[in-house]
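Throughout, protein chains are lettered first and strands after them, A, B, ... in sequence-line order, and every chain is numbered starting at 1.
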2 protein chains.
Amino acid sequence: MATTQLESHVLSKSCQYALRAVVYIAARATPGHLVGAQEIADGLDIPKHFLSKILQQLTRNHLISSTKGPHGGFFLSEENERVTIDRIVEVMDGPGLFKACVLGMPQCSSDHPCPLHTQAVEYRDGLYNKLKRLNIKELATVVHKENIQL
Amino acid sequence: MATTQLESHVLSKSCQYALRAVVYIAARATPGHLVGAQEIADGLDIPKHFLSKILQQLTRNHLISSTKGPHGGFFLSEENERVTIDRIVEVMDGPGLFKACVLGMPQCSSDHPCPLHTQAVEYRDGLYNKLKRLNIKELATVVHKENIQL
DNA sequence: TAAATAAAGGATATAAGGGTCTTTTATTAG
DNA sequence: CTAATAAAAGACCCTTATATCCTTTATTTA
């Protein structure tokens, strides 16, 4: 067993929270009811202040929208709804995830593959292509139709 | 852009080093010449003391072998050569990587899928199955035949 | 205009991964 | 047996992700 139990991941926790929050907003926000950070934090059981930071980051990058003040909160413009999932991952975790070598070797490429290049690339690119073609609205629709828990 | 550029990864750095080191040992160790931590560190440009910790961990888990003293070093027994890559990943990064939900939701499964379950599982399992079937000796052989840089 | 609300922003704290250094233990050569 | 060698082990520090708290700004309602 591993001496120190690592919390291994593909996506950072911030990114995981971001994705869940965005889907939550897509599901709950209406023109008459914007979704507050508190509501999302409660609904998804995510620390509120940490979530706020994440939502700020998404807002600054125009992936979601917000307004301040009473009855303010977060919502998705029509443009936001067309934002693809890979963009959220990119903003939260940086552009490296689907490009960097699994073994961290900078010169790794199809010309100069690392030992696991063949094994890993298919996996990575397959997921990436799916996320690149899936936008927020579509994902939210699937979640709703399949009655998926957030 | 991400405000803080995360070093996103599938495998931890420790795990990346471990995999490269194991292949290095497989390539260089002979009955008359065991491979020292210093040699590996130099050859792979990895911090020596950090690498030592990793090699210790692999040794404790019987994935590689070692002897102390002059002309001591690391090597692979025949049993070690049959160790599959997924075991190394498991020891270094824990058993969660290929089992945990991409969105970190503990209850996620095919019965109760998370929003990205369908997208992620296919490729994750694909990679996992490859690593589960690939042992150290086979990987080292590929690396040698394809003249892959470590 | 004042009070209330909620996001934005900044400063700070905590935990884990990554990395370094020193001491101990085992082995071998002389 | 002694000296040299190299892994094992433990203590420690640095950086980053995660998380919390407090203040500021924008907006709305009374």
Side-chain angles (χ1 to χ4, degrees), chain A residues 2-18 21 25 29 32-42 44-75 91-94 96-97 104, chain B residues 2-18 21 25 29 32-42 44-75 91-94 96-97 104:
Chain A
T3 48
T4 52
Q5 192 69 333
L6 305 199
E7 201 49 55
S8 48
H9 55 257
V10 176
L11 306 178
S12 71
K13 214 159 199 180
S14 297
C15 187
Q16 296 176 355
Y17 289 166
I25 295 168
H33 171 70
L34 305 192
V35 187
Q38 186 68 64
E39 182 186 341
I40 304 173
D42 291 344
L44 302 182
D45 196 31
I46 291 175
K48 183 200 167 181
H49 295 289
F50 187 39
L51 175 66
S52 295
K53 288 269 171 278
I54 293 165
L55 295 172
Q56 276 176 42
Q57 203 173 335
L58 295 174
T59 303
R60 272 199 304 272
N61 285 275
H62 308 103
L63 303 186
I64 65 177
S65 305
S66 69
T67 60
K68 296 182 179 181
H71 304 114
F74 298 91
F75 65 99
V91 162
M92 298 307 302
D93 285 351
L97 178 54
Chain B
T3 48
T4 52
Q5 193 69 334
L6 307 199
E7 201 50 55
S8 47
H9 55 257
V10 176
L11 306 178
S12 72
K13 213 158 200 179
S14 297
C15 187
Q16 297 175 0
Y17 288 165
I25 295 168
H33 171 69
L34 304 193
V35 187
Q38 186 68 64
E39 182 186 341
I40 304 172
D42 291 344
L44 301 182
D45 196 29
I46 292 176
K48 180 199 168 183
H49 295 287
F50 188 37
L51 175 65
S52 295
K53 288 264 170 281
I54 293 165
L55 295 173
Q56 276 175 43
Q57 203 172 337
L58 295 174
T59 303
R60 272 199 303 271
N61 285 275
H62 308 102
L63 303 185
I64 65 177
S65 305
S66 69
T67 61
K68 296 182 179 181
H71 304 114
F74 299 91
F75 65 99
V91 163
M92 297 309 301
D93 285 350
L97 179 52

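The CD atom of E39(A) sits 16 Å away from the P atom of dT5(C) (whole-angstrom rounding). Summarising the geometry, the separation between NE2 on H62(B) and P on dA8(D) is reported as 11 Å, rounded to the nearest angstrom. Between the CG atom of D93(A) and the P atom of dA17(D) there is a distance of 9 Å, rounded to whole Å. The separation between N61(A) atom CG and dA8(C) atom C1' is 14 Å, rounded to whole Å. Across the protein-nucleic acid pair, Q56(B) atom CD and dG10(D) atom P stand 9 Å apart, rounded to whole Å. Taking atom CZ on F50(B) and atom P on dA9(D), their separation rounds to 17 Å, with Å as the unit. The CG atom of L58(B) sits 13 Å away from the C1' atom of dA7(D) (whole-angstrom rounding). Straight-line distance from the NE2 atom of H9(A) to the C1' atom of dG17(C): 10 Å, rounded to whole Å.
Candidate nucleotides dA7(D), dA9(D), dA8(C) were compared by shortest atom distance to the side chain of S66(A), and dA8(C) ranks first. When distances are taken from the side chain of K68(B) to each of dA7(D), dT28(D), dT18(D), the shortest belongs to dA7(D). In this structure, the nucleotide among dT28(D), dA8(D), dT18(D) sitting nearest to the side chain of K13(A) is dT18(D). In the set dG10(D), dT29(D), dT28(C), dG10(D) carries the atom at the smallest distance from any side-chain atom of K53(B). Nearest to the side chain of P70(A), among dG19(C), dT27(D), dT28(C), sits dT27(D). For H49(B), whose side chain is taken as the heavy atoms from C-beta onward, the closest listed nucleotide among dT5(D), dC21(C), dG18(C) is dC21(C).
Note that the NZ atom of K48(A) and the CG atom of L51(A) stand 9.5 Å from one another [nearest 0.5 Å]. Interatomic distance, R60(B) CZ to L55(B) CG, rounded to the nearest 0.5 Å: 11.0 Å. The NZ atom of K13(B) sits 10.5 Å away from atom CD1 of I54(B), with the distance rounded to the nearest 0.5 Å. Taken to the nearest 0.5 Å, the CG atom of L11(A) stands 6.0 Å off from the CG atom of D93(A).
Using cut-offs of 30° and 60° on the angle between ring planes, the pair H9(B) and H9(A) is tilted.
Neither OP1 nor OP2 of dT18(D) sits under 4.0 Å from any side-chain N or O of Y17(A). Contact annotation: R60(B) does not reach the phosphate of dA7(D) (side-chain N/O to OP1 or OP2, under 4.0 Å).
Residue T59(B) is classed as a sugar-phosphate contact, given heavy-atom separations below 4.0 Å to backbone atoms only.
Nearer to the 5' terminus of DNA chain D, by closest-nucleotide assignment, is the contact made by P47(A) (compared with the other of T67(A) and P47(A)).
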